[in-house]
> 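To start, I am sharing the structure in question, which I have written as C-alpha cells.
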Amino acid sequence: MAKKTSPDASPVAHFEQSLDELEQLVEKMEHGDLSLEASLAAYERGVGLYRQCQAALEQAELRVRLLSDPEQPGDGEPFAPAPDGR
C-alpha cells in the first residue's frame with residue numbers, strides 16, 4: 001500500500017507525484033487527441049504542476065544548504081544548472 005502524505009506536507013513530499021502527472025499530461029497533449037477545451041485545461045494543470053515542482057526543488061536546495069552549513073546557509077553556492085538546461 002502506498003504511503004499517503006498529509007495535505008499540508010511540503011512540496012518536496014509531492015515532487016515525484018507531481019512530476020509523474022506532468023509527464024502524463026505532456027504525453028496526452030503530444031498525441032493531439034484532446035479537444036481545445038481539454039488541451040487548455042491540461043495546459044493550465046501542467047503549469048500548476050510545473051510551479052509545484054519548481055517550488056519543491058527550491059525547497060530541497062535550501063534544505064541541502066542548511067544541512068551543509070547550518071551556521072551560514074546564505075553563503076552556500078547555488079546549484080549549477082545541468083548542461084541541458086534542466
> Residues in side chain to side chain contact (heavy atoms under 4.5 Å, CB included) with Q54, at least two apart?
Y50, L57, E58

> Sort and list the pairs that fulfil salt bridge (Lys or Arg N to Asp or Glu O under 4.0 Å) and have at least one residue in residues 38-47, not counting sequence neighbours.
E21-R45

> Could you pull out every donor-acceptor pair under 3.5 Å between side chains of residues 23-39 and any protein atom, sequence neighbours left out?
from	atom 1	to	atom 2	distance (Å)
H31	ND1	E27	O	2.8
S35	OG	A38	N	3.1
S39	OG	S35	O	2.9

> Going from SG on C53 to NE2 on H14, what distance comes out if it is rounded to the nearest 0.5 angstrom?
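That separation rounds to 11.5 Å.
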
> From L49 CG over to F15 CZ, what is the distance, rounded to the nearest 0.5 angstrom?
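So the gap between those two atoms works out to 11.0 Å.
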
> My understanding is that only residues two or more places apart in sequence, or in another chain, count here; which of them pass side-chain hydrogen bond (donor to acceptor under 3.5 Å, both in side chains) with R51?
none

